[in-house]
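Here the structure comes first, spelled out in structure tokens, and everything after it is commentary.
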Protein chains: 2
Amino acid sequence: MKRHVLIYGLIGGILISVLKWTEYRFLVIEHSFEIYGGLIAATFAVLGIWLGLKLTGTRQRVIVKQVSVVKGVSVPASETFVPDERKREDLGITRREFEILELIAQGLSNREIAGKLYVSENTVKTHSSRVFDKLGAKRRTQAVQLGKEFGLLP
Amino acid sequence: MKRHVLIYGLIGGILISVLKWTEYRFLVIEHSFEIYGGLIAATFAVLGIWLGLKLTGTRQRVIVKQVSVVKGVSVPASETFVPDERKREDLGITRREFEILELIAQGLSNREIAGKLYVSENTVKTHSSRVFDKLGAKRRTQAVQLGKEFGLLP
DNA sequence: TCTGTCGTCATCCTTTCGGGTGATTTTGGC
DNA sequence: GCCAAAATCACCCGAAAGGATGACGACAGA
């Protein structure tokens with residue numbers, strides 16, 4: 001972080017020096033303000049973007065997963081996982097819709113899901129659309145991710 | 001993060017005020033090149049930083065922390081999830097490809113990933129195609145599922 | 001019986017994905 | 001510096017996914 005600021009300042013200083021130098025050397029003062037201004041603007045805009053990006057660290061969000069303990073032995077959550085029924089109902093997701101969500105999470109295509117549940121592909125699409133809507137997802141991958149965050153999926 | 005932007009903005013504002021004041025009070029226009037230059041520089045630096053931050057979006061990484069509950073008290077079970085690097089290399093998946101896989105798992109579209117990584121959508125598609133191939137997946141949802149099974153994703 | 005919810009299915013249309021191919025540029029290791 | 005791997009980008013095309021809307025039967029509960 002400090003390095004960046006330092007470099008930033010240094011470049012600024014150099015730029016100013018260069019400007020001074022050119023000004024006194026060639027007396028190019030007339031109408032050059034706009035040019036120099038544009039130059040400075042462009043340079044600092046680029047530098048600013050760069051700095052902004054450098055300054056942006058990875059924000060981390062910690063999700064807590066509970067692991068049950070049976071007879072003193074901890075069992076991985078994956079084996080114990082129970083979908084949060086309350087959350088499901090809170091979100092207004094029906095059992096059938098949730099079923100589709102689970103199969104989506106397993107990486108199945110709509111067609112495969114339709115075949116598995118003995119319904120038409122259109123039906124699957126309807127259910128998935130609804131569940132996406134209720135989860136606030138725009139894509140199935142996002143639906144899976146949100147489903148996990150809501151405790152609906154392992 | 002926000003502090004920086006705030007400070008920069010403040011300095012910009014102060015500079016503008018000072019400039020206005022001097023200009024209208026004493027008509028000190030000559031030799032103000034440095035002032036104007038500095039002002040422009042500051043302004044565009046702020047703009048650049050803001051732009052940079054805007055463009056970067058919320059780069060967040062979800063870390064899964066497992067917790068056991070013993071006698072009603074949560075106890076950390078396993079630490080932060082660490083992707084299995086060996087497995088990744090065994091599968092011949094490059095870092096970049098893996099990076100795309102992670103973003104896919106987070107539910108982003110190819111376009112969003114492209115925007116986030118500052119590459120073209122085509123590039124994202126190439127990477128994803130390759131990673132799907134290496135994982136043996138036909139869909140992105142399946143890739144995520146397989147990624148989990150291989151210990152590459154949480 | 002009427003109403004609301006759920007599950008089912010369809011059609012039309014747009015967007016996104018994914019496969020295939022080829023090419024150029026960057027990078028890392030020797 | 002040279003070479004191979006990695007990363008980048010483009011274009012085409014078909015398949016899959018998703019949005020919007022409408023419809024119809026089953027069933028539960030007021």
Side-chain angles (χ1 to χ4, degrees), chain A residues 50 53 83 85-148 152-153, chain B residues 55-57 59 83 85-148 152-153:
Chain A
W50 172 76
L53 290 177
E85 283 283 315
R86 287 181 198 169
K87 192 70 189 174
R88 204 210 68 217
E89 295 192 349
D90 280 354
L91 293 168
I93 297 171
T94 68
R95 292 181 188 287
R96 195 57 159 173
E97 287 163 357
F98 177 66
E99 209 176 341
I100 268 82
L101 178 61
E102 285 179 312
L103 295 176
I104 285 175
Q106 282 168 33
L108 303 189
S109 69
N110 286 339
R111 186 162 300 175
E112 288 169 339
I113 294 171
K116 195 159 217 162
L117 299 181
Y118 303 106
V119 295
S120 87
E121 203 177 328
N122 285 313
T123 304
V124 176
K125 286 171 75 174
T126 306
H127 285 314
S128 63
S129 280
R130 292 205 178 126
V131 89
F132 292 169
D133 206 46
K134 289 167 184 174
L135 284 170
K138 290 178 181 174
R139 284 167 290 284
R140 40 178 55 214
T141 43
Q142 197 181 5
V144 172
Q145 172 64 17
L146 290 169
K148 264 198 277 182
L152 303 177
L153 300 170
Chain B
L55 285 169
T56 204
R59 192 189 302 166
E85 282 282 316
R86 289 181 196 169
K87 192 70 189 175
R88 205 209 68 218
E89 293 192 349
D90 282 354
L91 293 168
I93 296 171
T94 69
R95 293 181 187 286
R96 196 57 159 172
E97 287 164 358
F98 177 65
E99 207 176 342
I100 268 82
L101 178 62
E102 286 180 311
L103 294 176
I104 285 175
Q106 281 169 32
L108 302 190
S109 70
N110 287 338
R111 186 161 302 176
E112 288 169 338
I113 295 172
K116 195 159 221 167
L117 299 182
Y118 302 106
V119 295
S120 85
E121 204 177 328
N122 286 314
T123 303
V124 175
K125 287 172 73 176
T126 307
H127 285 314
S128 63
S129 279
R130 294 214 177 116
V131 89
F132 292 168
D133 207 46
K134 289 167 184 174
L135 285 170
K138 290 177 182 175
R139 285 168 289 284
R140 40 179 56 212
T141 44
Q142 197 180 3
V144 171
Q145 173 66 15
L146 291 168
K148 262 196 276 184
L152 302 178
L153 299 171

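Side chains included, hydrogens not; waters and symmetry mates left out as well; all remaining heavy atoms used. Just so it is clear: chains get the letters A, B, ... in the order the sequence lines come, proteins before strands, and each one is counted from 1.
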Practice task
State whether B:Glu85 and B:Arg95 are salt-bridged, where the test is any N-O pair (Lys NZ or Arg NE/NH1/NH2 against Asp/Glu carboxylate O) under 4.0 Å.
Solution key: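 So B:Glu85 pairs with B:Arg95 through a salt bridge.
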Problem - NZ/NE/NH1/NH2 to OD/OE distance under 4.0 Å, A:Glu112 and B:Lys138 - result: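 A salt bridge is absent here (no side-chain N lies under 4.0 Å from a carboxylate O).
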Exercise for the section: For B:Thr123 and B:Ser120, test the side chains for any donor-to-acceptor distance below 3.5 angstrom and give the result as yes or no. Expected result: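 Yes - a donor-acceptor pair under 3.5 Å links their side chains.
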Problem - Nucleic acid contacts - residues 110-130 of chain A versus DNA chain D, non-hydrogen atoms under 4.0 Å - result: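 By residue number: A:Asn110, A:Arg111, A:Lys125, A:Ser129.
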Problem - Residues from residues 90-108 of chain A lying under 4.0 Å of DNA chain D - heavy atoms - result: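 By residue number: none to list.
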[atom1]/[X] to [atom2]/[Y] distance, rounded to the nearest 0.5 angstrom?
X        : Y        : atom1 : atom2 : value
B:Glu89  : B:Thr94  : CD    : OG1   : 10.0 Å
A:Leu152 : A:Arg86  : CG    : CZ    : 13.5 Å
B:Gln145 : B:Arg139 : CD    : CZ    : 11.5 Å

Problem - Positional range of nucleotides in DNA chain C within the contact set of chain A, heavy-atom, under 4.0 Å - result: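 Terminal contacting nucleotides, 5' to 3': C:dC6 to C:dC17.
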Compare every heavy atom of [Y] with every heavy atom of [X], then report the nearest pair and how far apart it is.
X        : Y        : answer
B:Thr141 : A:Gly107 : OG1-CA, 3.5 Å
B:Gly92  : B:Glu97  : O-OE1, 3.9 Å
A:Leu146 : A:Ala137 : CD1-CB, 3.8 Å
A:Phe98  : A:Ile93  : N-CG2, 3.8 Å

Taking the side chain as every heavy atom from C-beta outward, state whether [X] and [Y] have any atom pair closer than 4.5 Å.
X        : Y        : result
A:Lys134 : A:Leu101 : no
A:His127 : A:Leu117 : no
B:Arg140 : B:Val144 : no
B:Leu103 : B:Val124 : no

Handout entry: Results of salt bridge (Lys or Arg N to Asp or Glu O under 4.0 Å) for A:Lys125 - residues two or more places apart only
Key =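 A:Lys125 satisfies salt bridge (Lys or Arg N to Asp or Glu O under 4.0 Å) with no residue once adjacent residues are dropped.
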Problem - First and last nucleotide of DNA chain D, 5' to 3', lying under 4.0 Å from heavy atoms of chain B - result: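 Both ends considered, the range comes out as D:dA6 to D:dA17.
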Exercise for the section: Compute the angle between the rotation axes at the two ends of the helix from C:dT1-D:dA30 to C:dC30-D:dG1, each taken over five pairs, rounded to 10 degrees. Expected result: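 So the angle between the two local helix axes works out to 60°.
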